[in-house]
Every structure is written in C-alpha cells, then in structure tokens.
Protein chains: 4
Amino acid sequence: MMKRIGIMTSGGDAPGMNAAIRAVARKAMHEGLEVFGINYGFAGLVAGDIFQMTAQSVNDTIKRGGTMLYSARYPEFAQEEGQLKGIEQLNKFGIEALVVIGGDGSYHGALRLTEHGYNAIGLPGTIDNDIPYTDFTIGFDTSVNTVVEAIDRLQDTAASHERTFVVEVMGRGAGDIALWAGVAGAASDVIIPEHDFDVKKVAEKLRASREAGQKHAVIVLAEGVMHADEFAKELSAYGDFQLRSTVLGHVVRGGSPTARDRVLASEMGAYAVELLLEGKGGLAIGIQNNKLVNHNMLDLFDAKHEAQLDLYDLAHDLSI
Amino acid sequence: MMKRIGIMTSGGDAPGMNAAIRAVARKAMHEGLEVFGINYGFAGLVAGDIFQMTAQSVNDTIKRGGTMLYSARYPEFAQEEGQLKGIEQLNKFGIEALVVIGGDGSYHGALRLTEHGYNAIGLPGTIDNDIPYTDFTIGFDTSVNTVVEAIDRLQDTAASHERTFVVEVMGRGAGDIALWAGVAGAASDVIIPEHDFDVKKVAEKLRASREAGQKHAVIVLAEGVMHADEFAKELSAYGDFQLRSTVLGHVVRGGSPTARDRVLASEMGAYAVELLLEGKGGLAIGIQNNKLVNHNMLDLFDAKHEAQLDLYDLAHDLSI
Amino acid sequence: MMKRIGIMTSGGDAPGMNAAIRAVARKAMHEGLEVFGINYGFAGLVAGDIFQMTAQSVNDTIKRGGTMLYSARYPEFAQEEGQLKGIEQLNKFGIEALVVIGGDGSYHGALRLTEHGYNAIGLPGTIDNDIPYTDFTIGFDTSVNTVVEAIDRLQDTAASHERTFVVEVMGRGAGDIALWAGVAGAASDVIIPEHDFDVKKVAEKLRASREAGQKHAVIVLAEGVMHADEFAKELSAYGDFQLRSTVLGHVVRGGSPTARDRVLASEMGAYAVELLLEGKGGLAIGIQNNKLVNHNMLDLFDAKHEAQLDLYDLAHDLSI
Amino acid sequence: MMKRIGIMTSGGDAPGMNAAIRAVARKAMHEGLEVFGINYGFAGLVAGDIFQMTAQSVNDTIKRGGTMLYSARYPEFAQEEGQLKGIEQLNKFGIEALVVIGGDGSYHGALRLTEHGYNAIGLPGTIDNDIPYTDFTIGFDTSVNTVVEAIDRLQDTAASHERTFVVEVMGRGAGDIALWAGVAGAASDVIIPEHDFDVKKVAEKLRASREAGQKHAVIVLAEGVMHADEFAKELSAYGDFQLRSTVLGHVVRGGSPTARDRVLASEMGAYAVELLLEGKGGLAIGIQNNKLVNHNMLDLFDAKHEAQLDLYDLAHDLSI
C-alpha cells in the first residue's frame, strides 16, 4: 500500500499550477497519504530539495500565479546518471510515486521514473495549450483572459486614434492563445502557424473595413508565425493603416488564475492521485470533450496538439 | 430563400449577450442576410421597437456587460393575442426568422413563433447555468469569476481577523455558481440545493480546521438553499466561528465578459444563423462535451439541468 | 541610540497595511534597526506573540490585501493592567519604540505606550477615510475602486433592464467612500451622513432623468445614513423606478491594494521610522495637501474628519 | 453672456478623458450653456467635425478608456491659416469658448484661440504626468495601476524561475510612471531620466539581494533612459541574473479609468467651465497640493515638470 507521494512543477510556470499542487496535496492527504513537495522540478529532485507538506502548506495558495514549488530547466535528467540520483532521493524520503505538473517536455522525465518503478502522472501545465490529447491545459484560460484584457485596452486607444495594432502573443508553435484571444477580442484578423495567410488579403480587409466605417483594428499574431514588427512592415507595404505593433511578453504568464483554470487544475490534481492509488503511472492527464481522460505518455510523444481551425474561420467570419 | 432575421434578448441580462448579438449579426451579414435588432425582448417585438443593424452596430460591443438590445419581462406573450401582434411586426419589417438569447423561459415565446411559421433559435443566456441540455450557459463563466474575485477578497479579510464568512451567491434553483466558485475559491464548504447538508457537520469541520491551524474560512451558499443570515444563525448555534455573512447580489450579473463567455457566445451565435439558414426552428442551442449541440425546445421543458455533483465531492475532499 | 522597533496592525484590516508593514520594516533595516512583528495588535503584544522580521519576511507581500500581522480587537488595553503586560513584553524583546497601523481607535493604545516611555507612531489604516488630520487613509483608494467596479457592473444590468439601483457602501459615520464612488461611478444621487437629503427630490430627479431619456440610475448610499432596503422603501413611495437595492459588504475591505495605496503606505511607513529615529512619539501621521504631516494624537481625539462637501456638489451637478 | 462652448481632446489619448468630457458637458449644461463636441482635436475643428451634445451624449461614458471625441495630430494649427479656418468654424457653430483636454502640446493651439478672442482652458490629459504646474495629470493614476498589475504578474513568474525582469515603461522624458510603479511594484531598482545611475551598482544590489535570499527581482526602467534590451545587455556584463526584458507598450494607455482619474477629471472639467463663465481663457488647470489651480499657459511653456525624487530615494531604501 502506497504511503508517500511527491509533487513537482517543471518547465515554464503557468497560472493554476498552485491550484494543481493544492489539489494533489489535499486529495492525497484526504486519502491518508503523506505528501512531499519537490522544489525546482527535476533539478530539485536530484539535489534533494524536498520537504513534507501539511494541509496548511497550501492555504491561500489557490489564487496565486506562478508556482510555490518553483521550476527550473534541467536537461541533465535525460541522462541515466541524473535519473539514478533522483531515485536515490526518492528512496531517501520514502516517496513511492509522484505527480509532475508541466509541459510535455517534463513528461519524458516522468516516464523515466515510471520505468524505474516510481509511478509518475503528468498534468498539463502551460499557457500555450500545445499538449496533445487535451483540449485545454492549466494556465491557458488565464493567459487568454490576460491577452483579451490587453486587447480591450488597445481597442480603446486604437479607436481614439483610428489606428491598427498588431499584437504578438505567446503560444510557441501553437496558435491557440491567438485564436481564442482573437475571437474574444474582436480582432479583424488572426494569424497562426497552423494556417497559411496572405498579407495582401489582410490589407484588403483592413481597407474595406475602414471604408465601411470601422476605422480602427487589432490584428492578433501568434509568436510562432513571425515577429510583430516584421509583420507590420510587410503589411505597411500595402497601405497606411496607422500601424503600431506591440508584443505581450511574459506578462501573460503570471497573474491570479481564472476560475476555470483553478477548477480544471483541482479536478486534474485529484484525478492524478486517484490514478496513483490505482497503481498506475506513465500517464498524462487531459480533458477531452469536457471529461477527464488519461493517455500513455508514449502516445503523446508521437502526437501533435490539433489546431482549433473552426475558431479560425469563426474569427474571420465575424470580423466580416 | 431567407433574407431577413431578427435578434432579441429576453429575461435577465448576462455577460456575453452582446458577444452573442454581435456573432448573430456579423455571421448573418457574412452570409448575405439583413439583420434587425429587436429591443426589450418580446415586449419590444409587440411594440415594434425594431431597427436595422449594420456591421458597425456591433463594433466595440463584445467587451460590454449587459445587453445592447435591452431586456424586459413580458408575460403577455404567453397569450395568442400577444403573439399575433408580434407576428404583425415581423411581417411589417419582413423578418422571417429570429434568434432569441435568454433563459429557458424565453424559449416558450420562441417556440410559439416557430409554430406560427417564423423559425426561432434559442441561445442559453443566463448566469445561473440552469438550462437543460447544455453544460454551460452564456454568462456563467463571467459570473463565477466575479464571485471568485469577491471570495479572494473576503479570504484576505477573513485571514486577517480569523473569521468565517458565509457568502450567498446567485443561481436561482441551481448550485452551479456556488460549486464552481466554491472549488475555485477554496471554500471550506459549499451548500447547494441539489445536495442535502448537515449544519452540525459543517460546524465540526470548521472546528477541526481551526484546530489544525487554518483559522479562517469561507462557506459558499447557493441562494436556492436559504438566506446567508439564516444559515449563519443556524451555524452559530454550534460554536463561535467569528461568523460574518455577505450577499453577492446583482453585482455578479454585470461586467465585461470573460474570454470563455465571449468565445462561447460567438460560437453559439454563428451556429444559430447556420441552423436558420438550414430552415430549422424551435431549437435550443447548447454545448455538451465541448461540442455545439441543438435540441428541440419541447424537450427542454420536460428536462432539468443536472447538478455537477462530482464538483461537490471535489470541493469537500480538497477542503479536508 | 534606538536599536529595536516593533510593528503591529490594529482594528479593521485595510488594503495597503502590508505595504505599510513592508515599508516600516525595510526602512528600519535600512537604517540599521532590528524589527519585530507583533501579531494580532495589542492582544498579541500582551500575549507576547512577537517575532523578529528579516528583509525577506516582507518579500512579495506588497500586493496582498489584509494584514500579514493579523488584527484583533482588544478593549482590555484601555486598562493599565493590560498596558503593563504589554510593556513587559516590549522589555522582554528589547523593543524600544513601535509603529501602530490602524484606525484612530488604535491610537489610544499607542498614546498610552508613548506616555510609558515607549514612543509609538500611528499610521492611518482604514478604508473608511474617517480619521482627522489626513486627507486620505491607507486602504481608502482601493476600497473606492472596488466600489466603483461594482457600480460599473450594476450600471450594465441597470441599463439592460432600465432599473434604479440603491447601493449601500461602507464608511461607518463618514461619507467619503460614497462621495468618491458616487462621482466616479456617475451616480444619479449620493446620500451621505454629513449632508441632509430629501427623498422626494431624489425621486423628482430620477423622474426627470427618465423623461429626458436616461432610464437607468444608480444611487450611492453611505451606510451611516440608513439601510439600502429602508431607503428603497422610502423612495418607492414616490413612484415606480424599478428599484433594486444591494449592499456591498466586507468585499470592499479586501483585495490587492491600488498603486496609490501602496505608495501612500510606503511613504507613511518610511516617515514613521524617521520620526522614531528623531526620538518622537505619540504622533499620528497623515497626508494633507499632498504632503506628509504629523499631529499629536491628543489633537486627533478632539477633532473630526471633515466631509468633502465640494464632491457632494460636484456629484449632483454632473448628474444633472 | 456666453451661451455655447466646445470641447475637444488632443494629443495622445489617456484614460479619464471621457470623464473630463462628461464633466465639462454636464457642468456646462447645468449652468445653462449649450455644448458642442469637436471630433479629432484641432484637425476636426478646422474641418468642422462638430456636433451638439446632449446630457445623454455622455451617459455611460465615464468608465470607458480612450476618448469619445477622438484625437489626432495636427501640426498645421501652428500656422495662422489653420487658426483662421478653425475660428471660421467656431463662428459658424456659435461657439464662444472651449475646453481642450490633452498634453501641453495642445495648449499652444488653445492659447492661439484665446488670443483671437475665443477663451480656451486646458486640461492636462496624458498618462505621462509630464506637464508643469500640476502634481497629477488625467490618466496617470490608471496607467500606473496598469503597470503595477503587469509587474505583479511578472513577480509571479520571476519568483517561480528566480529571474530578474527589466520592465520598460512609458513616460516620454518623465520618470513618474516608473517611480510610482517601482515603489508600488516593489522593484529592486528604478531607473529614470531625471537621476543618474550606475549599472554596476544595480548589479551589486541584485547580487547582494540574491545572496540574502531574495532570488528574483524586477527593475523598472523609464523609456526616456534607454531601451530595455540595451539595459539588460549592459547589466548582464556584471553577472548572470537570469535576465529577461519586457516592454509595456500601448497597453498601458487604455483601459477603464481608476476612481482617482475619474474624480480628478470630473473636478477639473467642472472647474474649467467655471473659469470660462468668469470670462477667463489661456489658462491651464492643474492640481497642486491637493487643490485645483490654474496657471497662464505661457508660464507652462517655460517650465518643466519636476521629478518626484523623494520617491526615487524611497524606492531604493525599501528595496534594501
């Protein structure tokens, strides 16, 4: 019978990670387990930066952005030497299984531990929504809302001066943040890596829109396509749209998580503990069709997150 | 071939209604239709308070709370006399079909119009999330976030003074707002109409929690159960928990919609136009398992929105 | 030469108290002093709930609502017995002087300690803005913004349904929150304890406003006048204004402080340390005419915070 | 006896401009005047883009960012030819005097009109707080709060990864936004144009701070000093601080104004009308020592906004 589990966050931080940590810790304690927090992801595991958590450790943390367990890059864990050092620490603290919250990069380490006999469950924690086999990742909803709030602000100033803003948003290779924020922010165009585009048509649409009376616009550009300045330069070749470009950087990673992210993180965290209690490991949790699911981590490595191209069409239909 | 459609909002306002209006209008125009806004719901229909919309009518409206088409109660539309007057106006303006955004109460009027040969599609617009055959209604996500923000604030003051707050939240007969806000707000207890409860156990949990070191708490109470003052009185019979009660009233109905509500409203609005273009009517749109769906309005009248009791258990497991 | 000072918060919590605590602690350490946090105000002082702070104790606290040092009522400190116990603890920890952040009620205790030879400086920490000799208190700006955000939300729903909302806001005997929020929230009327009012005239204005085309309204009512329900009842005797009443309770006490409150708290906290270093005590800090000031606490006890009646006139002129 | 006044906004938009427009319009109507809105600043004046406002024109505008009267650059108004065309339009509409809301650049045009016999009063509307003879400009408080919110978010992600962020903020030649946001955001350093700095000392402080246990930091850099990337490059020469740089661009210009900005704009707008009614012109309104003041515009052209260097010292003392 399993007695002790560990929790860590790995990769880029995302709002809702603390809600997930809380859920794992509280659910595990509710089930009679002891819970250990591992600081700084796999780096901290190897270094033994590990502490026992109490129910009070996660008081008043659900609303905080970032991760109370810190995060760090640690490519050395790809080597067996790193893994063995990590296992030594797990043994030292009596940790039999663990939950890893992070991007799919972190799942490689989790899978290695599972293969060594230490069941590990992965939770998708990233703002980019670029993990396969899940419709949503923890942090995505918060990030989209932060971007939309910024777009709302830009619309004010765009309207006052009849400007066109090109807004570059995060998402690495995925266009999800751009798509959601584009629809919700009433963007006149959304440019994503998963769909081709034609700068000339973007320009024609802007011109038609201006002629029809809407003299300001916001174009949302996923960072995976190109830089905002570059796009603005290309666009300005087709006319004077009073262009300004702006890059929403790390600001959209932080902040108090939305209700949606907190609930999703709570559900996933509790589910991870249930899977561990069933003796399972090497699984990545997701939400698909509004149901919690799990898939073998190996399957994720071959798969690719699918772009939500229906939103792409919607964004363009509604901007007329 | 259909040429003109109308849009109205009916029942209590909800954040995202303007996003839905925009989506219906823009999608319809994109498909070559003419669009008429009907002010004040069925009352305005009967009175002929109707105007033609342009693409610019819905500029910069997506971020606004409330409804730009106003809303009003109008029980007289249950009578055939009211309906015939409404149809007279539809004929006068050449409106052949319409979209009604509102609670399921508004679907009765929509169904009557469909029966008279004017196809009507219903969109679930209410913060209460109490409509059958949809997992989420337009406005629910915003409202939950507003409640959670209030709970976050109360947690600050509760922690400073080691108090217990009983927070009464809207939702009519449904506990959905309470459940989501309870999980996301780290409530120590959530009391909803769909589940029985025992005040004595609530008190015991509070006491155990205080003894374990968490000296403040927030209890979320759905308005469908009882008044916050009443609950606080019952609870105080079991001990001194430094109780304060607060009622989050109409404040949680307004405000700029979240990204999620804007996207949901946009998707549903566009889908409604597609259904009308297919010659359909008498249908209520929903989202189930993350897919847009439609059901016959008649089916809704016999059905009941199901409580999300898994969240109930989650809320209680995580508050230990 | 003074070496050790203490800090406490007393009375109702207010946003910005943590910023003040941080400022006192950091400024004192910058000047080479040792700093002790006293939990739970005068109650904690008497009980010896005291701990040494480090520069890191106040990391990442500036943005948090509430008070990290907790607060509590402790009327027993009015008795010399309580005071002597408190002094015993000060001696035990070697604390020579202290800063008390709270309402003017807390200044009595601070003055007693000063008389006993332990210099104490008072900082005005309360949302109510009801302390004499200061134009603004720490927490007031945040609270006003929270109320205004709520009014903005109510305006959405009021406009959609052509309603009139009566919003009761905190402030104890003072109308400052109501006045500021009334002007900033475009209230049609503001009712405060410091100015007489005539319900009939309020009704006439509402009627005129509705006839002129503005069919919704928000009336801001200071809690020091009467209850919102009571006011709504009186008002409804003069006509049907689609009245709803709502009470913004403890929600407006919490939340992350505004920039203004953080800066004010930081300035006042640093100034308090400077005064202590000059060997002064028994002084209450304020801001008047945009300058930091200090007054003898004794003077405050005879004085009364002045209402900002120019804002009263402004609110009414602008609502026409 | 004056009967008709005009209002315009000029220069960069700022949150609170709509509150100022509302205040001028409503106060003037309250005093029996007719009010005309002039779109697009001096460009619109010359083009005759002018319309009569009603009390309802400014309903529900107080909470909106940007300017409902639009703004535009129009250097041609420096020439007498432009001025005469503007005067022609004033005569055509019977406008005898006007209020200009904008930066001090707009005051030149306002002064020219006054010299021609059309009294003009200037209101300081800019986020930069760089106008002489006023402690605060309309829009500054909102902008600072937006920046602080962004810094709070960055602190989350900085803490999770033990990073140092260099945040570049607006302000043109003035360091006010940087100073206020630096104090309120608990920045470890604030770099402004009005004060020299030494990158080496910034690095030493970071190192000391890291050694003392605070492993993350935010440095606020005014745009008037240099670019964030450039600063980060210079700083990185002194050690590895896990630097990231981010530029908060136009996002901080928009958004719903804070209560403070709404109240300030309302007071200034009403005061402008009072001055016009007294037959005065060529005056710039300000707030100094918490009192409304006015100065001859000519005086402003020779003066310079003073940096708040006391805040500079405070920021550095409190970051230890």
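The chains referred to below are lettered A, B, ... by the order of the sequence lines, with proteins before strands, and numbering in each begins at 1.
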query: Looking at B/G66, B/A158, B/A150, which makes the most heavy-atom pairs under 4.5 Å with chain C?
result: B/G66
- prompt: Who are the side chain to side chain contact (heavy atoms under 4.5 Å, CB included) partners of B/A265, not counting sequence neighbours?
  reply: B/A19, B/A20, B/I138
Here's a test: name every donor-acceptor pair under 3.5 Å between chain B and chain C, with the distance for each.
residue : atom : partner : partner atom : Å
B/D13   : N    : C/H161  : NE2          : 3.0
B/D13   : OD1  : C/T157  : OG1          : 2.5
B/D13   : OD1  : C/H161  : NE2          : 3.2
B/D13   : OD2  : C/T157  : OG1          : 2.8
B/Y40   : OH   : C/E162  : OE2          : 2.3
B/T67   : N    : C/S160  : OG           : 2.8
B/S71   : N    : C/S160  : O            : 2.8
B/D156  : OD2  : C/G255  : N            : 2.9
B/T157  : OG1  : C/D13   : OD1          : 2.5
B/T157  : OG1  : C/D13   : OD2          : 2.8
B/S160  : O    : C/S71   : N            : 2.9
B/S160  : OG   : C/T67   : N            : 2.8
B/H161  : NE2  : C/D13   : N            : 3.0
B/H161  : NE2  : C/D13   : OD1          : 3.2
B/E162  : OE2  : C/Y40   : OH           : 2.3
B/G255  : N    : C/D156  : OD2          : 2.9

message: For the interface with chain B, which of C/G249, C/G65, C/A72 has the highest count of heavy-atom pairs at distances below 4.5 Å?
response: C/G65
query: Where on C/V251 is there a heavy atom nearer than 4.5 Å to chain B: the side chain, the backbone, both, or neither?
result: both
Side chain to side chain contact (heavy atoms under 4.5 Å, CB included) against B/A178, all qualifying residues, sequence neighbours excluded: B/V169, B/V190, B/I192, B/V220, B/A222
message: Heavy-atom cut-off 4.5 Å, strictly under: side chain, backbone, both or neither for B/L248 against chain C?
response: side chain
